[in-house]
Amino acid sequence: MKYTKQNFMMSVLGIIIYITDLIVDIWVSVRFFHEGQYVFSVLALSFMLFGTLVVQCFSYSWFKADLKKGGQESQHCFLLLHCLQGGIFTRYWFSLKRGYHAAFKYDSNTSNFVEEQIDLHKEVIDRVTDLSMLRLFETYLEGCPQLILQLYILLQHGQANFSQYAAIMISCCAISWSTVDYQVALRKSLPDKKLLNGLWPKVTYLFYKLFTLLSWMLSVVHLLFLNVKIALFLLLFLWLLGIIWAFKKNTQFCTSIGMEFLYRIVVGFILIFTFFNIKGQNTKCPMSCYYIVRVLGTLGILIVFWVCPLSIFNPDYFIPISITIVLTLLLGILFLTVYYGTFHPNRREETRCDETDGKPILRECRIRYFLME
């Protein structure tokens, strides 16, 4: 288990995407405010604040847990940094600082790669893994609602300025990057898991998530044009079902009851947009049911949309968008089938292993109880 130069460059790219996404979100919110679109401005800002506040809560609780585990007292400076929304930047600083030493200062091919250096690589990998989990939270709590908002505004006005196009592109990049980065970090941080090696497995996994997400988001935008209240009711209903599912599976990710409750709320929100294995159990049946419901829901929205006459209906936009929804959904299901049938690291195991208890546990870490794939 080594932290390589390639991993370091991925971490650098991750912070660049994170900062760019943050700047573009603020830019779009300010632009909406100056154009007098106060509702859109408040919504864009609210999505951003909601995501970052939740992420800061988890980041600080993990800092406290790590300090307690190491026999150290919680430092007030970490609390202040997180109150100032600097928790992610603090983690990136520590990760890049230690990661540079692990990737460039030590050569694992020499006899100098002793136990101390192995511990350094484990430390860096654990830090980077924490970041990947936090970025996954931020992506789905802020990035997905933000993307739906930008797509809604784009289709409503029929045109958009550069900042809106930039927000859409950056949101897509952030969602894609954080999803793949999380999957790589998940398997790299757990020695008893097979690595996601090669370009094609990563690309297939990326397209599976991206196409299924894009299809669902465009469907939600369609429903928003039909009736905003119905769309919000559907999203809240799906959120509630996700929370109930998390409680039913009795997730055990956090050490405190309060943070575990928050975690289950966040998991329910993520399940609105995509499927994750929230307990590390065999998910063939739950995943099949999830995407069957997704297909039926998408088709239902399209049928209702085309049956109900709309005064704002513009065939120049919504016929291509409807075709795009169907094509991206089919492509997403296709890539899902290819990934789990051909490229999934566990596909060649003789027995059906559970993601978290299929093999002997070699070491304890946070991600073992996090969202699995």
Side-chain angles (χ1 to χ4, degrees), residues 1-14 16-18 99 103 108 125 128-129 131-133 135-136 139-140 143-144 147 169-218 270 273-277 280 282-284 286-288 290-291 294-295 324-356 358-359 367 370-373:
M1 185 171 59
K2 306 175 184 67
Y3 185 79
T4 64
K5 296 177 182 178
Q6 180 183 3
N7 298 139
F8 178 80
M9 296 308 299
M10 290 181 65
S11 298
V12 173
L13 184 58
I16 293 174
I17 293 176
Y18 176 77
S108 60
I125 290 173
V128 172
T129 301
L131 271 171
S132 73
M133 290 190 286
R135 288 288 290 122
L136 191 75
T139 293
Y140 286 95
C144 289
L147 184 56
M169 293 301 298
I170 293 298
S171 293
C172 287
C173 290
I175 293 170
S176 304
W177 179 261
S178 64
T179 304
V180 175
D181 180 63
Y182 162 72
Q183 178 70 318
V184 173
L186 164 68
R187 297 191 167 275
K188 192 175 184 65
S189 62
L190 298 176
D192 53 320
K193 296 289 183 287
K194 294 183 179 180
L195 297 177
L196 188 67
N197 291 321
L199 176 64
W200 290 114
K202 297 173 185 175
V203 171
T204 305
Y205 180 78
L206 167 65
F207 284 151
Y208 142 53
K209 287 292 187 181
L210 188 60
F211 282 140
T212 52
L213 271 171
L214 184 58
S215 173
W216 180 239
M217 289 180 182
L218 289 173
I270 292 175
F273 301 102
T274 191
F275 180 85
F276 276 106
N277 185 351
N282 190 309
T283 57
K284 184 177 180 180
M287 179 182 287
S288 300
Y290 181 91
Y291 283 107
R294 171 66 61 84
V295 171
T324 301
I325 290 173
V326 175
L327 288 179
T328 51
L329 179 59
L330 291 176
L331 286 172
I333 299 299
L334 176 62
F335 278 108
L336 181 154
T337 304
V338 172
Y339 173 75
Y340 283 99
T342 305
F343 294 124
H344 194 277
N346 291 346
R347 71 189 184 282
R348 294 180 181 176
E349 293 183 1
E350 295 182 358
T351 57
R352 187 82 179 180
C353 291
D354 174 79
E355 281 287 345
T356 57
K359 294 182 180 180
I367 200 170
F370 196 62
L371 304 173
M372 294 289 173
E373 271 297 344

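This one's a predicted model, so the numbers in the text were calculated from it and none came from an experiment. Sequential numbering from 1 along the given sequence is applied to the chain's residues.
Between the CG atom in Leu214 and the CG atom in Leu327 there is a gap of 11.0 Å [rounded to 0.5 Å]. Atom CG of residue Leu213 and atom CG of residue Leu218 lie 11.0 Å apart, to the nearest 0.5 angstrom. Annotation: the span from Thr212 atom OG1 to Met217 atom CE amounts to 9.5 Å, rounded to 0.5 Å. A distance of 5.5 Å separates CH2 of Trp177 from CD1 of Ile17, quoted to the nearest 0.5 Å. Note that CG of Leu210 and OG1 of Thr274 are 10.5 Å apart. Values are rounded to the nearest 0.5 Å.
Heavy-atom minimum distance, Ile175 versus Leu147: CD1-CD2, 4.1 Å. When all heavy atoms of Phe8 and Gly99 are compared, the closest pair comes out as CD1-C, 3.9 Å. Ile325 approaches Thr328 most closely through the heavy-atom pair O-OG1, 3.0 Å. Across every non-hydrogen atom of Gln183 and Tyr339, the tightest pair is NE2-OH, 2.8 Å.
Put simply, the side chain of His344 does not reach to within 4.5 Å of the side chain of Tyr205, judged on heavy atoms. Residues Ser178 and Asp181 are not in side-chain contact: their nearest non-hydrogen atoms beyond the backbone lie 4.5 Å or more apart. Looking at Leu329 and Val295, their side chains come closer than 4.5 Å, going by heavy atoms from C-beta outward. Put simply, the side chain of Met10 does not reach to within 4.5 Å of the side chain of Val128, judged on heavy atoms.
Among residues two or more places apart in sequence or in another chain, the ring-ring contact (aromatic ring centres under 6.0 Å, His included) test is passed with Tyr140 by none. Residues meeting the ring-ring contact (aromatic ring centres under 6.0 Å, His included) test with Phe211, sequence neighbours left out: Phe207, Phe335. Taking Leu336 as the reference, Tyr208, Met287, Tyr291, Tyr340 meet the side chain to side chain contact (heavy atoms under 4.5 Å, CB included) condition, with sequence neighbours excluded.
Thr4 and Asn7 are linked by a side-chain donor-acceptor pair at a separation below 3.5 angstrom, with hydrogens and angles left out of the test.
In this structure a side-chain-to-backbone donor-acceptor pair under 3.5 Å is missing from Lys2 to Ala103.
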